[in-house]
Amino acid sequence: MRTTLFIAGLFFLINHTTAQNYYVATLKGDVYYQNKLLKKKDKVIPKGNIRFKSVDSYVKLSGPGGLYVLSAKMGRASGNEFLLTLSNELFPKIRLVTTAAPTFSIEFYPNVLNQWGFFGLYYSFLDKTKLAIDPAFTADGQMIYLLHETNQGLFYKKVKIQRNSALVLRTDDFATSADNSLKGTLVVQISNPAILDTIIAKHKTLKEVMEMPVFAKEENKSTNQILDILNVRQIINRRAFIKDMRFLAKSCDAKTQEEFLNTVDIKEYISENYGKVYMLEQVLSKDVGLPESN
């Protein structure tokens with residue numbers, strides 16, 4: 001009898017310690033697991049049912065082997081809902097589909113200094129990201145502005161420059177109305193803001209601005225110049241992003257950035273939810289506690 005109980009207990013222990021747990025990373029719409037409405041960080045095991053309330057609902061789970069997306073389209077229709085039965089065999093078959101933001105090259109715009117090496121790529125920036133800037137760019141009354149292109153024309157915002165010569169990117173610097181999305185941004189050095197008023201009155205696109213003779217590539221850093229092309233996908237809430245990365249790192253038990261970004265396939269999740277995050281490695285090291293691999 002004791003032997004039977006020991007074997008039964010051992011079987012239970014093995015099942016319990018090797019159970020595959022998955023955690024909700026993000027979701028869209030009302031999604032239920034075992035009739036419980038899911039929210040971020042809830043635990044899910046590959047057993048039971050996921051119920052989606054609409055055809056475009058989905059849930060993305062972090063767990064052994066990476067990140068997984070379960071969608072209503074994978075389930076069977078049941079009235080106005082969609083039902084998906086979970087199993088261990090289901091998870092190896094599914095992965096996130098990455099999406100890439102479009103870019104445009106600056107190689108045809110020789111007047112752009114390309115000060116920070118953005119190359120016209122789409123980046124996402126954590127709120128209050130600091131960019132080192134040469135003090136000469138703000139000497140003798142020179143000012144730095146962000147010149148934005150939207151579907152309704154151009155507008156500009158003056159950036160904050162700290163005393164240690166750091167340019168600070170803030171959420172409000174990129175704020176537009178809900179129906180007025182950004183198409184691109186120039187970081188410009190200006191001697192007189194009246195120049196920008198003239199520009200936005202006469203022009204509608206950044207391409208036109210980049211071809212203007214008023215912007216000439218100079219070495220003395222004391223005239224009107226385009227410092228860089230800064231295409232922003234989004235400005236990210238710093239605290240929320242760091243909290244999300246810490247949660248994912250803990251859920252997949254990653255110890256280094258290599259494990260986190262490669263072995264566990266977190267890159268796809270970050271790309272889809274946040275885009276190309278500027279200085280991601282530094283944030284993971286300093287704020288998330290994931291050192292770079294030796």
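For clarity, every value in this text was computed on a predicted model and none was experimentally measured. Excluded from the calculations below are hydrogen atoms, water molecules and symmetry mates; all remaining heavy atoms, backbone and side chain alike, are included.
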- Message: Quick one, Q142 with I190, criterion side chain to side chain contact (heavy atoms under 4.5 Å, CB included). Give me CA distance, side-chain angles, the key distance, then yes/no.
- Response: CA-CA 6 Å; Q142 298 288 309; I190 294 291; over 6 Å; no

- Task: Could you check E81 against S78 for side-chain hydrogen bond (donor to acceptor under 3.5 Å, both in side chains), going step by step and ending with a plain yes or no?
- Result: CA-CA 5 Å; E81 299 178 340; S78 177; 5.6 Å; no

- side chain to side chain contact (heavy atoms under 4.5 Å, CB included) between L290 and L261: does it pass, once the steps are laid out? CA-CA 10 Å; L290 290 173; L261 294 174; over 6 Å; no

- Test log, rule side chain to side chain contact (heavy atoms under 4.5 Å, CB included), inputs N151 and S181: CA-CA 6 Å; N151 54 1; S181 59; 4.3 Å; yes

- Message: Test side chain to side chain contact (heavy atoms under 4.5 Å, CB included) on V24 and L61; report intermediate values, then the result.
- Response: CA-CA 5 Å; V24 176; L61 303 175; 3.9 Å; yes

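Between the side chain of T129 and the backbone N or O of L126, at least one donor-acceptor pair lies under 3.5 Å. Using a distance-only test at 3.5 Å, with no hydrogens or angles considered, a donor-acceptor pair links the side chain of Q257 to the main chain of E281. Counting only distance, with no hydrogens or angles, the side chain of R76 and the backbone of T85 share no donor-acceptor pair below 3.5 Å. Checking side-chain atoms of E149 against main-chain N and O of L206 turns up a donor-acceptor pair under 3.5 Å. H148 places a side-chain N or O within donor-acceptor distance of the main-chain N or O of D173, the cut-off being under 3.5 Å. In this structure a side-chain-to-backbone donor-acceptor pair under 3.5 Å is present from Q234 to N273. K157 contributes a side-chain N or O that, together with a main-chain N or O of D172, makes up a donor-acceptor pair within less than 3.5 Å. In terms of modelled atom types and a separation under 3.5 Å, the side chain of R238 and the main chain of D127 share a donor-acceptor contact.
The distance from the OH atom of Y269 to the OG1 atom of T26 is 5.5 Å, given to the nearest 0.5 Å. In this structure, CG in D228 is found 11.0 Å from OG1 in T185, a value given to the nearest 0.5 Å. A distance of 6.5 Å separates CD1 in I199 from CG in L147, rounded to the nearest 0.5 Å. Between atom NE2 of residue H203 and atom CG of residue L196 there is a gap of 11.5 Å, rounded to the nearest 0.5 Å. Here the CD1-CZ distance, from I161 to R163, works out to 14.0 Å after rounding to the nearest 0.5 Å. The CD1 atom of I229 lies 11.0 Å from the CG atom of L113; values are rounded to the nearest 0.5 Å.
Taking 4.5 Å as the limit, every side-chain heavy atom of V188 sits out of range of all side-chain heavy atoms of N224. Between K41 and Y23, the closest side-chain pair of non-hydrogen atoms is not below 4.5 Å. Two residues are said to be in side-chain contact when any heavy atoms from C-beta on lie closer than 4.5 Å; I226 and V187 fail this criterion. With a 4.5 Å cut-off on side-chain heavy atoms, L70 and L86 count as touching. Looking at heavy atoms from C-beta onward, F155 lies in side-chain contact with T176 at the 4.5 angstrom threshold. K130 places none of its side-chain heavy atoms less than 4.5 Å from the side chain of L167.
Closest approach of M143 to S191, counting heavy atoms only: CE-O, 3.8 Å. Closest of all the heavy-atom pairs between I236 and F241 is CG2-CB, 3.6 Å. Taking every heavy atom of both residues into account, R233 and S124 meet most closely at CB-OG, 3.6 Å. Closest of all the heavy-atom pairs between F260 and C252 is CD1-SG, 4.2 Å. What you find for M245 and Y274 is that their closest heavy atoms are CE-CE1, 3.9 Å. When all heavy atoms of V31 and S57 are compared, the pair lying nearest together is CG2-CB, 4.2 Å.
Taking hydrophobic clusters as Ile, Leu, Val, Met, Phe, Trp and Tyr residues chained together by side-chain heavy-atom distances below 4.5 Å, M74 shares a cluster with V55. One hydrophobic cluster, built from ILVMFWY side chains closer than 4.5 Å, holds both I45 and I50. Residues I195 and M212 share a single hydrophobic cluster, defined by chaining ILVMFWY side chains whose heavy atoms lie under 4.5 Å apart. V44 and L83 fall into different hydrophobic clusters, where Ile, Leu, Val, Met, Phe, Trp and Tyr residues are linked whenever their side-chain heavy atoms come under 4.5 Å apart, directly or through other members.
For an aromatic pair to be called close, the ring centres must be under 6.0 Å apart, and F125 with F118 satisfies this.
Remark: D253 engages K255 in a salt bridge, criterion side-chain N to carboxylate O under 4.0 Å.
In K40, the NZ atom is crowded: over 12 heavy atoms of neighbouring residues, nucleotides or ligands sit closer than 6.0 Å. No more than 12 heavy atoms of other residues, nucleotides or ligands lie within 6.0 Å of NZ in K160, so this atom counts as exposed by the packing criterion. When the shell of 6.0 Å around CG of D56 is examined, it contains more than 12 heavy atoms from other residues, nucleotides or ligands.
For the side-chain contact (heavy atoms from CB on, under 4.5 Å) with Y278, the qualifying choice from L131, L169, V232, V283 is L131, the only one to do so.
For the pair R51 and Y32, the cation-pi criterion (under 6.0 Å, within 45° of the ring axis) is fulfilled.
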